[in-house]
Amino acid sequence: MNSQNSTVTTAAKKKKLPVAGQSLDIDAELKKFEEAERARLGLDGKVEQWVEDMVGLGFKKSERAKVTLLIGGLTVAQDYLIEGGLKGIGYQVQMLDCPTTEGFQTGKEFGNRGQCNPTYFTVGNLVQYLITLRDKHGMTAEEIVDKFVFLTAGACGPCRFGMYVTEYRKALRDAGFDGFRVMLFQQTGGLKQATGDDVGLELNPTFFWSIVKGMFAGDVLNAIGYRLRPYEVVPGATNEALEKAKKLVYEALETKSNIMAALWKCKPIFAAVQVDKTRVKPKVSIIGEFWAMTTEGDGNYQLQQFLEQEGAECDIQLLAAWLLYTLWEVKNDTKERADLREWDTAKYGLGGGGPMAVFQKLAIGYAGDFGVRLLFQSFAHAAGLYGFKLPDMEKIAEVSHGYYNNDLRGGEGHMEVGKLIMNVVHQKAHMTLSVKPFGCMPSAGVSDGVQSAITEKFPGTIFCPVETSGDGRVNFYSRVQMYLFKAKQAAQAEYERALADNGVTREQVAAYLDANPKFRSSLYKAAHVYCGNNADVVAAVAPYITKTRAQRWKDRVLGVVTGGKQAIQKTPHLAVSLVTAVKDAPKVAERVKEDITILREIRAMKKKAQRAESTLDAAAEE
């Protein structure tokens, strides 16, 4: 074959195709054609791409005195206390009111179409506040942009929460506040998100510690409020006590005084609330999409208040539980990626972390879990919240994995499934209510899909999935009432069963509570036996009514012996776990050895490259 007609295959030259006995450079021809077409269409000039000029805006430290941070998005108590905490470290802060239907309509007016209603509520709430400053307080748009900054959290994932900040900027621009600063701190960004000598908002440990204190104190106060309010003798007494307690904690955060002392002062305030623990109240566990189950306003049609008015006790999900879930994700993902080691160069991979990367991440996860629980229980006991246990994330993952893969993320992931199972199997609630916005992709897929299999497998489960759309209050309430009727019947039947099981009457229980302030106290929490707190109280006081002191002591001794037997029965399982760990020890040691070898090789290669570079520099100087 003629060499002119052959295709050049050497790596040094470009491949060319033989066409009619000649070599044709296809790339050159295509480029020539493109240039001609660009010239013909008038596209050969310089093209400037549009850039979002509201991204990355901030303020300097010198502006801190005149700039007010606007915050919102959690419960009213937490927003209020975080305001006090940030004021205590030198910021001007203003919490936004709980979003209303008017804010929702404002969000729809200036936001994109097809968003879930938390977007409309939160975005509209901010825009409505700024419009009020402009139209009712006489401030110009330029003054508002210059003097206010909105601070919010950011994240990513399948949920539209990752797009909230873009929605804020779009709505603010269309409402006439172009250039308004929306600053966000990423949930996974750590402490390196905003540093420098001239940064107005410093995301340092002091900043995050102030937020954490406000969040955990708010969790504790919210939990106490929902525990006492259904049983209060004087209507409104619990809310009055909560307002006094919030002011005490707020002042402690604002003045940077001891928050534990402030919470301790709250204890007698809550103890003064009179409660009637013989009332039969169905306990309703509220789960679902984070914002929908957390907000206390029109965003979920005042769901918590409505349930209490209908005679129920709300079992809310605390923000501390969400932190435990994020820490569980760290531990779980680290265990699954452990064998990849240095080759795991993904965004959240272990590559580059050295031979101790797995150990370090697991240590962070376990230490963080312990720290969250310790901090919460410290705040809880100081304020008088006794007997409240944060969920066991490992257990929730274990019971839910057979129905919803733990590696599927978005919304609350497998937690909704696990919580429903735990509520039924361990008698934690009479009814589980899952609330989410209309069209919420992660939560709706779980609640309306996977949960149907759970309700079939566990007969008697009272599970009520509901959606909010901003304008369907009547239908929403009607659906909740239907399921709540069943829960009331279940609670009444449970209470009657508790009385029969323990051989007492309601009148005997009421008389004993009246005569014993310890058990009558609003802060007393009976040990968990039944779903309802009133049935637990029956189980707690019945031995004091039906048995002598000697009999009670005998029961306690038998309880200790029974507990010892159970521990002995569990010993073989512990032994098996220990044996497994010993068997796996050589594998773990080998893995660490391999990691150390890899690390040494990498360091040797770096040193070799540095020596070669030094040799070349010396040769160049000569």
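Side chains are part of it too, since the values below use all heavy atoms of this structure and drop only hydrogens, waters and symmetry mates.
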Using a 3.5 Å distance criterion without hydrogens, assess whether the side chain of [X] forms a donor-acceptor pair with backbone atoms of [Y].
| X | Y | answer |
| --- | --- | --- |
| His401 | Tyr403 | no |
| Glu296 | Val76 | yes |
| Arg113 | Lys108 | yes |
| Gln317 | Ser285 | no |
| Glu494 | Cys531 | yes |
| Ser478 | Val474 | no |
| Asn125 | Asp97 | yes |
| Glu313 | Val280 | no |
| Lys331 | Ile364 | no |
| Asn423 | Thr432 | no |

Just verifying a value: how many Å separate [X] [atom1] and [Y] [atom2], rounded to the nearest 0.5 Å?
| X | Y | atom1 | atom2 | result |
| --- | --- | --- | --- | --- |
| Asn222 | Ile316 | CG | CD1 | 5.0 Å |
| Ile421 | Thr455 | CD1 | OG1 | 11.0 Å |
| Leu303 | Leu307 | CG | CG | 4.5 Å |
| Thr295 | Tyr301 | OG1 | OH | 12.0 Å |
| Thr100 | Phe121 | OG1 | CZ | 7.5 Å |
| Leu319 | Thr294 | CG | OG1 | 7.0 Å |

Parallel, tilted or perpendicular: rings of Tyr477 and Phe306 (30°, 60°):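 Ring orientation of Phe306 relative to Tyr477: parallel.
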Aromatic plane relationship, Trp322 with Tyr325 - under 30° parallel, 30 to 60° tilted, over 60° perpendicular: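 Tilted, since the angle between the ring planes falls between 30° and 60°.
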[X] and [Y]: which non-hydrogen atoms are nearest, and at how many Å?
| X | Y | result |
| --- | --- | --- |
| Leu484 | Ala312 | CD1-CB, 3.9 Å |
| Arg373 | Leu390 | NH1-O, 3.4 Å |
| Ile82 | Met215 | CD1-CG, 3.8 Å |
| Glu83 | Ile71 | N-CD1, 3.7 Å |
| Ala320 | Val372 | O-CG1, 4.0 Å |
| Phe476 | Thr468 | CE1-CG2, 3.7 Å |

Are side-chain heavy atoms of [X] and [Y] found at a separation under 4.5 Å?
| X | Y | value |
| --- | --- | --- |
| Val123 | Phe110 | no |
| Asp392 | Ile396 | no |
| Ile286 | Gln304 | yes |
| Lys428 | Lys283 | no |
| Asn332 | Asp407 | yes |
| Phe290 | Leu74 | yes |
| Leu86 | Phe207 | yes |
| Thr122 | Tyr168 | yes |

Audit row: His414, Trp328, side-chain contact (heavy atoms from CB on, under 4.5 Å) steps and yes/no: CA-CA 12 Å; His414 62 270; Trp328 174 88; 3.3 Å; yes
For atom [atom1] of [X], is the number of surrounding heavy atoms from other residues, nucleotides or ligands below 6.0 Å larger than 12?
| X | atom1 | result |
| --- | --- | --- |
| Lys335 | NZ | yes |
| Lys486 | NZ | no |
| Lys525 | NZ | yes |
| Phe485 | CZ | no |

Close aromatic pair by centroid cut-off 6.0 Å: His430 and Tyr483: no
Worked check of side-chain hydrogen bond (donor to acceptor under 3.5 Å, both in side chains) between Arg473 and Gln302: CA-CA 10 Å; Arg473 185 184 297 264; Gln302 289 89 21; 2.8 Å; yes
Worked check of side-chain contact (heavy atoms from CB on, under 4.5 Å) between Tyr386 and His381: CA-CA 6 Å; Tyr386 301 119; His381 281 73; 3.7 Å; yes
Verdict with reasoning, Leu385 to Phe376, per side-chain contact (heavy atoms from CB on, under 4.5 Å): CA-CA 10 Å; Leu385 179 64; Phe376 176 82; 4.1 Å; yes
Lys213 and Leu375: CA distance, side-chain angles, deciding distance, side-chain contact (heavy atoms from CB on, under 4.5 Å) verdict: CA-CA 9 Å; Lys213 288 190 293 185; Leu375 183 62; over 6 Å; no
side-chain hydrogen bond (donor to acceptor under 3.5 Å, both in side chains) between Ser434 and Glu416, intermediate numbers included: CA-CA 8 Å; Ser434 176; Glu416 288 190 50; 3.2 Å; yes
